[in-house]
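Everything on this sheet refers to the single structure shown next.
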Amino acid sequence: MTNDRTVDAVIVGAGIAGLYQLYRLRELGLSTRVFETGDDVGGTWYWNRYPGARCDVESLSYSYSFSPELEQEWEWTERYPAQPEILRYVSHVADRFDLRKDVTFRTRVVSTVYDDSTGRWRVDTDSGETVDAQYLIMATGCLSRSKDIDIPGRERFQGPTYHTAHWPHEGVDFTGMRVGLVGTGSSGVQSIPIIAAQAAELTVFQRTPAYSLAARNRPLEPSEIDAMKAEYRQWREKQRTSGFGVPVPEATESALAVSEAERNAKYEAGWQEGTLVSILAGYTDTLADAAANDTAAEFVRQKIRERVTDPDIAETLSPRSYPFGTKRPCLDTGYYETFNEPHVHLVDLRKTPLAEATERGLRTSERDYEFDVLVFATGFDAMTGALNAIDIRGRGGVLLREKWAEGPRTYLGLAVSGFPNLFTITGPSSPSVLSNMVVSIEQHVEWITDCIVELRERGIATIEATTEAEDEWAEHVEEVGNMTLYPTADSWYMGSNVPGKPRMFMAYIGGVGAYRERCDAIAANGYEGFRLEERVLSSAS
Ligand code: FAD
Ligand code: NAP
């Protein structure tokens with residue numbers, strides 16, 4: 001195991017991003033240390049062990065592409081893999097490439113300070129260890145820091161409470177229990193049917209209903225696995241050049257340019273296909289025009305009405321306050337049907353807001369509810385939470401979270417002005433969460449790796465985004481975002497799920513393929529928008 005105190009690179013996080021970055025830097029011969037809070041690899045798939053946790057990008061696409069051998073030898077069992085299978089996969093990758101030996105587990109990075117005089121980063125951990133590195137790569141995840149449970153008096157409840165993102169490794173047996181569950185985003189939508197199947201009573205507290213589509217999950221046939229393996233390389237290329245990191249036929253017309261019957265036939269085909277984007281990507285303007293969007297939204301609401309027996313419950317479950325796709329849609333297995341069960345109850349917090357937690361349960365503006373156990377599926381301080389939780393000090397001791405007090409600013413979501421040699425994998429203002437994230441992770445890791453190769457070949461000690469490039473990028477990201485309906489919703493994409501967080505669209509909707517081209521062009525033009533400094537520094541290796 002590496003335990004050097006002076007290294008070429010420190011990577012924070014050992015999820016899909018951190019592990020691949022380690023693999024790449026090791027290939028270059030860089031001495032690298034990875035710090036990870038958890039006690040094993042996997043990131044998202046290590047922490048989110050709630051019942052029903054599952055990927056909603058297909059397994060054959062939600063996987064690393066960097067090793068054709070890995071691609072050929074791994075056998076996925078389901079169309080949409082469940083958390084244990086993805087965790088096994090990531091663990092297999094760590095074993096296969098012998099990655100764990102450079103990861104220090106159970107160790108949180110608490111502060112990092114850039115030293116102007118040496119051009120190096122000092123990294124401090126909660127174990128008291130301090131490491132000095134030339135490059136600091138944050139692989140801390142977009143959805144790794146759970147949101148504080150902002151329910152008054154939550155500590156008063158005397159029974160056990162669980163957050164979906166910190167689920168006990170041994171699982172939870174809800175048999176015979178009265179369960180209260182808050183939150184109906186993807187984590188709630190996935191866990192509700194499974195918890196309902198065990199619990200004596202399940203009461204779901206819903207503030208904003210989700211648009212959820214039937215996943216149509218199923219075991220994979222050996223023949224389809226073989227077919228994919230035969231053409232994997234071409235498929236990966238299509239992923240990289242696509243809009244969302246998932247190849248779909250390109251839409252050519254407005255939803256409003258066709259008849260209702262034609263439109264609904266297309267939506268029905270998308271519905272039958274059961275993917276996140278099959279309805280969203282059907283027309284050019286679904287995410288850009290409110291009237292076009294409403295045709296798709298209404299189609300999904302109709303499906304909810306078909307799936308839920310009681311029309312009042314169906315209406316409560318039907319989203320009407322924001323356009324389809326502007327909060328992340330969900331894929332579900334039996335979600336709406338669960339509300340047809342007599343022991344499952346739905347509380348509409350828009351009508352009777354949650355007031356507080358009590359010793360025995362939850363209190364709304366209307367009444368008290370008693371539970372044996374509470375489950376919070378209340379989400380994340382997304383995009384910036386994990387980065388802002390670390391004291392990251394750049395030039396002149398400036399704190400990153402203070403620089404970002406009005407919202408995150410980056411160049412390409414990869415770098416931040418004033419923070420030389422700091423890279424953020426899937427950082428704010430990159431496509432990240434608007435894509436199949438493995439594709440975006442690989443793109444960032446490869447760009448960072450190529451950048452480091454070039455810096456070293458040219459004897460350049462530091463690379464730093466200029467404020468001009470950062471400003472231009474921020475303007476571009478905002479402009480493209482404003483051409484869509486995303487900013488009209490209160491979502492975690494906008495930071496509006498966390499009280500007090502600045503409201504800003506934090507991802508880049510320009511498309512995975514176009515974004516990749518732009519990043520590559522910037523590198524090819526000698527790292528346009530970056531300042532490269534050639535002073536000679538002492539190297540760790
Ligand atoms: P993460 O997996 O979040 O890993 C980051 C790691 O950094 C964590 O292990 C964390 O402990 C560690 N860390 C953070 N801060 C510190 C610190 N200060 N010190 C030390 N360690 C630290 N994406 C998709 O594309 N498709 C999906 O279907 C999908 N499903 C998802 C389901 C769930 C339940 C969640 C929460 C997210 C999902 N995502 C999905 C997004 C998912 O996060 C990414 O796909 C991907 O796993 C992110 O990998 P990562 O390595 O970038 O970050
Ligand atoms: P989320 O989408 O942010 O959902 C959180 C839910 O909790 C929302 O319904 C929210 O209501 C509710 N909530 C939060 N605070 C509340 C409060 N104080 N009182 C009442 N309700 C409250 O979080 P998530 O479900 O964990 O998902 C986050 C993201 O992770 C997803 O969008 C997705 O990107 C990823 N994910 C993916 C999958 C998958 O299927 N592959 C599964 C899980 C997660 P409001 O909407 O009103 O704020």
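As the structure lists them, so they are numbered: ligands from 1, and atoms in each ligand from 1.
Of the charged side-chain nitrogens involved, at least one lies within less than 4.0 Å of a carboxylate oxygen, so that E315 and R320 count as a salt-bridged pair. Comment: R236 does not engage E442 in a salt bridge, judged by the lack of any side-chain N to carboxylate O separation of less than 4.0 angstrom. Using a cutoff of 4.0 Å between basic side-chain nitrogens and carboxylate oxygens, D490 and K327 are not scored as salt-bridged. A salt bridge between D332 and R307 is present, with a side-chain N of the basic residue lying under 4.0 Å from a carboxylate O of the acidic one. Electrostatic pairing of R328 and D56 counts as a salt bridge here, judged by a charged N lying under 4.0 Å from a carboxylate O. The pair R79-E58 counts as a salt bridge, with a side-chain nitrogen and a carboxylate oxygen less than 4.0 angstrom apart. Salt-bridge annotation for R216 and E273: absent, with no side-chain N of the basic residue lying under 4.0 Å from a carboxylate O of the acidic one. Salt bridge R240/E446: absent, no basic N to carboxylate O contact under 4.0 Å. Salt bridge present: K501 and D381 bring a charged side-chain N and a carboxylate O closer than 4.0 Å.
Residue-level proximity to ligand 1 for Y50 is carried by the side chain, the only part with a heavy atom below 4.0 angstrom. Heavy atoms of A53 found under 4.0 angstrom from ligand 1: none, in either backbone or side chain. Only the side chain of N48 comes within 4.0 Å of ligand 1, judged by heavy-atom distances. With a 4.0 Å heavy-atom cut-off, ligand 1 is reached by the backbone of T107 but not by any atom from C-beta on. When non-hydrogen atoms are compared, ligand 1 lies under 4.0 Å from neither the backbone nor the side chain of Y46. Of the heavy atoms in D56, both backbone and side-chain atoms come closer than 4.0 Å to ligand 1. Using a 4.0 Å cut-off between heavy atoms, S435 contacts ligand 1 through its backbone alone, with no side-chain atom that close.
Of the candidates G13, G43, G38, it is G43 that places a heavy atom closest to atom 4 (O) of ligand 1. The closest non-hydrogen atom to atom 9 (O) of ligand 1, taken over Q21, E36, Q190, comes from E36. Among W45, Y62, W47, Y20, the residue whose heavy atom lies nearest to atom 30 (N) of ligand 1 is W45. When the heavy atoms of G385, G141, G42, A14 are ranked by distance to atom 53 (O) of ligand 1, first place goes to G141. One option in D40, T44, L19 has a heavy atom closer to atom 1 (P) of ligand 1 than any other, and that option is T44.
In terms of polar-atom proximity, defined here as any N/O pair under 3.5 Å, I16 does make such a contact with ligand 1. Here's the thing with V109: one of its N/O atoms is less than 3.5 angstrom from an N/O atom of ligand 1. Considering backbone and side-chain N/O atoms, M437 comes within less than 3.5 Å of an N/O atom of ligand 1.
Contact between A139 and ligand 1 is present, with at least one heavy atom of the residue lying under 4.0 Å from the ligand. Residue I425 places every heavy atom at 4.0 Å or more from ligand 1. Residue contacts with ligand 1 leave out V41, since none of its heavy atoms falls under 4.0 Å from the ligand.
Interface of F380 with ligand 1, defined as ligand atoms under 4.0 Å from a residue heavy atom, comprises 36 (C). Every atom of ligand 1 is numbered from 1 in the order shown, and the set under 4.0 Å from a heavy atom of I441 is 48 (C), 49 (O), 52 (O). Within ligand 1, counting atoms from 1 as listed, the ones closer than 4.0 Å to a heavy atom of N436 are 25 (O). Near I390, meaning under 4.0 Å from one of its heavy atoms, ligand 1 places the atoms 18 (N). Under a 4.0 Å criterion applied to the non-hydrogen atoms of S144, ligand 1 contributes the atoms 3 (O). If you number the atoms of ligand 1 from 1 as listed, the ones under 4.0 Å from a heavy atom of V57 come out as 26 (N), 28 (O).
The aromatic ring centres of Y515 and H444 sit less than 6.0 Å apart. Aromatic rings of F97 and F66 (six-membered ring for Trp) have centroids within the 6.0 Å cut-off, being under it. With ring centers used as reference points, Y211 lies under 6.0 Å from Y322.
Counting only distance, with no hydrogens or angles, the side chain of S91 and the backbone of R88 share no donor-acceptor pair below 3.5 Å. Of the possible donor and acceptor atoms, none in the side chain of D39 sits under 3.5 Å from a partner among the backbone N and O of R106.
At a heavy-atom cutoff of 4.0 Å, ligand 2 is surrounded by Y50, R54, C55, D56, L143, K147, D150, I151, V182, G183, T184, G185, S186, S187, Q190, R207, T208, K327, R328, L349, R350, A377, T378, G379, F380, W492.
Looking at Y508, F324, Y493 one by one, the single match for ring-ring contact (aromatic ring centres under 6.0 Å, His included) with Y486 turns out to be Y493.
Under the 4.0 Å distance rule, the nearest protein heavy atom to atom 39 (N) of ligand 1 falls outside the cut-off.
Defined by atom type and a distance below 3.5 Å, a donor-acceptor pair is present between the side-chain atoms of E85 and T77.
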